[in-house]
J.: 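Take this structure, written in structure tokens, and hold onto it; I'll ask about it next.
Chain letters run A, B, ... following the sequence lines, proteins first and then strands; every chain starts at 1.
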Number of protein chains: 2
Amino acid sequence: MYSFTEENYLKAIYKLQEQSSEAINTNAIAISIQTKAASVTDMIKKLSEKKLLEYEKYKGVVLTELGKKVAIETVRKHRLWETFLHNKLNFTWDAVHDIAEQLEHIQSQELIDKLDDFLGFPSHDPHGDPIPGKNGEIKESNFVILSELMEGETGIISGVVNHSSLFLKHLESNELILGKRIMVEEVVAFDNSFQVKIEGKKILQLSNEVARNILVKKMK
Amino acid sequence: MYSFTEENYLKAIYKLQEQSSEAINTNAIAISIQTKAASVTDMIKKLSEKKLLEYEKYKGVVLTELGKKVAIETVRKHRLWETFLHNKLNFTWDAVHDIAEQLEHIQSQELIDKLDDFLGFPSHDPHGDPIPGKNGEIKESNFVILSELMEGETGIISGVVNHSSLFLKHLESNELILGKRIMVEEVVAFDNSFQVKIEGKKILQLSNEVARNILVKKMK
DNA sequence: AAATATTTTTAGACTAATCTAAAAATTGTA
DNA sequence: TACAATTTTTAGATTAGTCTAAAAATATTT
């Protein structure tokens, strides 16, 4: 229905819209999609003609309901494929993104529905991001960042804020893996770093920077 | 590495080469790939420059070792994805081909290796076609066509000769499904049709046309 | 072997997506 | 408010893949 490129533009604009609430300007799209502003202008004209977004010269763009729907469908596909790669094929946390960028453009509604079923209708992908449902609904997640936990509190590692490959690799090499139970032993007043215990055995020292980028499900 | 289109041309030429032993001519490729002869001429020039095939004007083409390697890798990906779709996602026999046509172009060696592992290193896809190994080796299969069985002989349904959606749907609606045991009760002399018994219960009458297009593994 | 039919190639054009360089509009600042 | 800086758009070119129509080569028939 929509091309590889069109889907990528819509997804990028959708993600920018999630953060800003104002119309998205050309340069922001160009940076996010790693292309030139002139190319973006061309493409948004085309998307505007197809009623996927509203565009006024020099004023930036806003997705229409249709554009948003297509974007959310693409996000849904991306996150389901990431979950497949991680849960079924044992790809590491940091390796799934690039492959899912390709897989998300496969055209088949039936494929996505069956994949969703096969994975057990997961609510979140391996990075802790919510997976939109078949009708585009997105569940609120009750994850908090690790640095919000008090001394003595426990959480289950459920996702990340920073998605960079560097950060994800760092986590994995320290056994900070999805699903692991983590307990805050001490918050060091001096630098706000965290001393934590992972699933009974390992004790680790985490910088505040790291603690601010890990999502946990808080245990009562 | 190679584009979607390049891979499709190489795969098509490879399949034509499997049948003919002579150089493959432009028109045959055009028909197989559903395009025009002029487009084929353009593309084979390009593939020839990239050393993927040998081309002499008006004489047709022959794949080089490199071209053959790329073609076999694409076939391997296609058949592994078909197996995934059928075995894991429960797609019917006739639905897997079109989706695999898209999935076969996803670029990631690691993905294919992990998928192969996940599927248990299958030797054949759901149509009974052999899945090339990681190094391009293709196992001989000892399947025979159903119409070669004598009265009283038994086989396991293992694949098809005709891959058309029409034929595959016909088989499925008659419970002629991969893995089922089939026994020849009678070969009707008049029209060479087959009376068969499927896995203990159903008795079916199969035309010779149908019997010639089902592959079975013969039981001793 | 000449005439005819078929196949293949060339020439030139088209679309989607991209780019660079320059022009136009907007925003920020003195 | 006017000048400078930044952002955005336009104009024109490029690449991959495709097409039609015509020309050239090959194959077939008489």
J.: Please output the side-chain donor-acceptor pairs of residues 31-44 of chain A that fall under 3.5 Å, not counting sequence neighbours, one pair per line with the distance.
T.:
unit_1   : atom_1 : unit_2   : atom_2 : d
Thr41(A) : OG1    : Ala37(A) : O      : 3.2

J.: Can you give the donor-acceptor pairs under 3.5 Å from side chains of residues 15-27 of chain B to other protein atoms, not counting sequence neighbours?
T.:
unit_1   : atom_1 : unit_2   : atom_2 : d
Ser20(B) : OG     : Glu22(B) : N      : 3.4
Ser20(B) : OG     : Glu22(B) : O      : 3.3

J.: Given atom NZ of Lys36(A) and atom C1' of dT10(D), what is their separation to the nearest angstrom?
T.: 17 Å
J.: Would you classify Ser39(B) as touching base, sugar-phosphate or nothing, given that sugar-phosphate means primed atoms plus P, OP1 and OP2, and contacts are heavy atoms under 4.0 Å?
T.: base
J.: Restricting to side chain to side chain donor-acceptor pair (under 3.5 Å), what partner residues turn up for Arg79(B), sequence neighbours left out?
T.: none
J.: Give every residue pair that meets the ring-ring contact (aromatic ring centres under 6.0 Å, His included) criterion with at least one member in residues 47-82 of chain B, sequence neighbours excluded.
T.: His78(B)-His97(B), Trp81(B)-Phe84(B)
J.: Is the number of heavy atoms from other residues, nucleotides or ligands within 6.0 Å of CD (Gln102(A)) greater than 12?
T.: yes
J.: Got a sec: does the NZ of Lys68(B) have more than 12 other heavy atoms crowding it under 6.0 Å?
T.: no
J.: Atom CE of Met43(A) to atom P of dT10(D): distance rounded to whole Å?
T.: 16 Å
J.: Output the rounded distance in Å from NZ (Lys45(A)) to C1' (dT18(C)).
T.: 14 Å
J.: Would you list the protein and nucleotides 21-26 of chain C atom pairs, both N or O, that sit under 3.5 Å from each other?
T.:
unit_1  : atom_1 : unit_2   : atom_2 : d
dA25(C) : O4'    : Tyr58(A) : OH     : 3.3

J.: Output the rounded distance in Å from CD (Glu56(A)) to C1' (dT7(D)).
T.: 16 Å
J.: Nearest-Å distance, CG (Asp42(A)) to P (dT14(D))?
T.: 16 Å
J.: To the nearest angstrom, how far is Ile44(A) atom CD1 from dT7(D) atom C1'?
T.: 12 Å
J.: At a heavy-atom distance below 4.0 Å, what parts of residues 2-25 of chain A sit against DNA chain C?
T.: Ser3(A), Thr5(A), Tyr9(A)
J.: Using side chain to side chain donor-acceptor pair (under 3.5 Å) as the criterion, list what pairs up with Asp191(A), not counting sequence neighbours.
T.: Ser193(A)
J.: Within the structure, does a side-chain N or O atom of Asn27(A) lie under 4.0 Å from either OP1 or OP2 of dT6(D)?
T.: no
J.: Going by the ring-ring contact (aromatic ring centres under 6.0 Å, His included) test, which pairs reach into residues 98-117 of chain B, not counting sequence neighbours?
T.: Phe4(B)-His105(B)
J.: Throw together a table of side-chain donor-acceptor distances under 3.5 angstrom for residues 132-140 of chain A, partners on residues two or more places apart or in other chains.
T.:
unit_1    : atom_1 : unit_2    : atom_2 : d
Lys134(A) : NZ     : Asp113(A) : OD2    : 3.2
Glu137(A) : OE1    : Asn135(A) : N      : 3.3
Lys139(A) : NZ     : Ile131(A) : O      : 2.4

J.: Has Thr35(A) got a side-chain N or O lying under 4.0 Å from the OP1 or OP2 atom of dC19(C)?
T.: yes
